[in-house]
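Shown next, in structure tokens, is the structure this report addresses.
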2 protein chains.
Amino acid sequence: MKMNEGVEWALHSCVNLTWVDGDRAVTAARLAAFYELPAAYLNKQLQALARAGILTSTSGPKGGFRLARSPERITLMDIVTAIEGPEDAFRCTEILRKGPGGDPAVDYRAQCLVSQAMGRAELAWRRELAGQTIADIKASVEAAYPEAPERTRKRLTE
Amino acid sequence: MKMNEGVEWALHSCVNLTWVDGDRAVTAARLAAFYELPAAYLNKQLQALARAGILTSTSGPKGGFRLARSPERITLMDIVTAIEGPEDAFRCTEILRKGPGGDPAVDYRAQCLVSQAMGRAELAWRRELAGQTIADIKASVEAAYPEAPERTRKRLTE
DNA sequence: GACGGGGTACTCGGATAGAGCTTGTCCGAGTTAGCGTGG
DNA sequence: CCACGCTAACTCGGACAAGCTCTATCCGAGTACCCCGTC
């Protein structure tokens, strides 16, 4: 059970995008060069963010990606879901159906108590992710590293 | 990011084992037949539980697996960790090290604010798992399906 | 000098290979129970 | 009848393949800009 590495890249890229003017688009190549990441693969992740409505993409010269909405309205949950998909990590395969007393008509994803317990844990995880926004991270980074915004903006636009 | 399917099997198998006498060992084949699972593969998962000290294993005739300690002392976290390993799903690869101002001496798994945010979410997940024991599930199953204990015990011992 | 059209360079986007993990299977080492034999 | 040793069957345990997801890459479709020619 390991998370897609693109989640980390996407999170950092979104935070970095908060520091560039909203009317400037940043190319995938430039975002990738920032952390020496494979450009084509990062592009793939950014495409997923665009499909999810988190980023907007523009083709051609002066094209690239930009945030589709304000950082306060982008949660970590949004980004994780965009990259990883909406399915839970724990998938109830309803093995109770094959056991003694198993009823084919019952939806064991809702009835099975093991599934419910795992679901509660996953819900706690999602709740924590949904409670944090890109703006929160941006603010804490600015507090800890005051030079980061300007340095990042320069590196991404020049 | 999908969890090993063996986690589901292990959870159900542990709950089922709570209903057989502590001095009776149940073979992997019998536990697998209960839900029509591939026996050899379930055996693999049970081995992991044994290595983690959750089950004890016995070889030879009359051998098999049994719970190593009381269900109250076995949390869902124990089982998930035994199967999935101790690593977090989100792995900070410390990409900040490659970025501008990156310092090779800094441990970014502790410093990176993105990593911290993801860590908090994962901690909430683990906390929820650690707060639930096999005994809790056993109790709620018994409340919902009073016939389950006897039926399971019979099926696993005869 | 101003305007329009074509070419060109640049960007995203999806289709296409390769690596690593999950899933599934198999046979061997070790152990216990049962049986046969001898006292 | 009882004790002992041997055999044989049974179980776990780890080593060995197949499928699938994640990782990585490449080239084509689309677009905005820029240059050139014309009015």
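Every chain is numbered from 1, with letters handed out A, B, ... down the list of sequences.
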Which residues pass the salt bridge (Lys or Arg N to Asp or Glu O under 4.0 Å) test with A:Arg155, sequence neighbours left out?
none

Which heavy atom of A:Arg91 sits nearest a heavy atom of B:Glu8, and at what distance?
O-OE1, 3.6 Å

Give A:Ala28 one of three labels, base, sugar-phosphate or nothing, depending on what nucleic acid heavy atoms sit under 4.0 Å from its own.
sugar-phosphate

What nitrogen or oxygen pairs link the protein and nucleotides 27-32 of chain D at under 3.5 Å?
residue: D:dG30; atom: N2; partner: A:Gly60; partner atom: N; Å: 3.4

Please work out which residues in residues 40-57 of chain B have a non-hydrogen atom less than 4.0 Å from an atom of DNA chain D and list them by number.
B:Asn43, B:Lys44, B:Gln47, B:Arg51, B:Ser57

Counting only pairs under 3.5 Å, give me each side-chain donor-acceptor contact of residues 132-144 of chain B, with atom names and distances, residues two or more places apart or in other chains.
residue: B:Gln132; atom: OE1; partner: A:Arg120; partner atom: NH2; Å: 3.4
residue: B:Thr133; atom: OG1; partner: B:Ala135; partner atom: N; Å: 3.3
residue: B:Thr133; atom: OG1; partner: B:Asp136; partner atom: N; Å: 3.2
residue: B:Thr133; atom: OG1; partner: B:Asp136; partner atom: OD2; Å: 3.3
residue: B:Asp136; atom: OD2; partner: B:Thr133; partner atom: N; Å: 3.0
residue: B:Lys138; atom: NZ; partner: B:Glu142; partner atom: OE2; Å: 3.1
residue: B:Ser140; atom: OG; partner: B:Asp136; partner atom: O; Å: 3.1
residue: B:Ser140; atom: OG; partner: B:Ile137; partner atom: O; Å: 3.0
residue: B:Glu142; atom: OE2; partner: B:Trp19; partner atom: NE1; Å: 2.8

Name all residues meeting the salt bridge (Lys or Arg N to Asp or Glu O under 4.0 Å) criterion together with B:Glu87; count only those two or more places apart in sequence or in a different chain, and write none if there are none.
none

Strictly below 4.0 Å, heavy-atom distances to any atom of DNA chain D: list the hits from residues 1-11 of chain A, or just say none.
A:Asn4, A:Glu5, A:Trp9

Pairs satisfying side chain to side chain donor-acceptor pair (under 3.5 Å), at least one member in residues 20-30 of chain A, at least two apart:
none

Sequence neighbours excluded - salt bridge (Lys or Arg N to Asp or Glu O under 4.0 Å) pairs with any residue from residues 63-80 of chain B
B:Arg69-B:Asp78

Considering only residues two or more places apart or on different chains, which pairs with a residue in residues 55-95 of chain B satisfy ring-ring contact (aromatic ring centres under 6.0 Å, His included)?
none

What contact category does B:Arg66 fall into here, base, sugar-phosphate, or nothing, at under 4.0 angstrom with non-hydrogen atoms?
nothing

B:Glu150: which residues meet the salt bridge (Lys or Arg N to Asp or Glu O under 4.0 Å) condition with it, sequence neighbours left out?
B:Arg153

Side-chain donor-acceptor distances from residues 44-62 of chain B under 3.5 Å, at least two apart:
residue: B:Gln45; atom: NE2; partner: B:Tyr41; partner atom: OH; Å: 3.4

Donor-acceptor pairs are to be reported for all side-chain atoms of residues 100-114 of chain A against protein atoms at under 3.5 Å, with residues two or more places apart or in another chain.
residue: A:Asp103; atom: OD1; partner: A:Ala105; partner atom: N; Å: 2.9
residue: A:Asp107; atom: OD1; partner: A:Arg109; partner atom: N; Å: 3.2
residue: A:Tyr108; atom: OH; partner: A:Asp103; partner atom: N; Å: 2.9

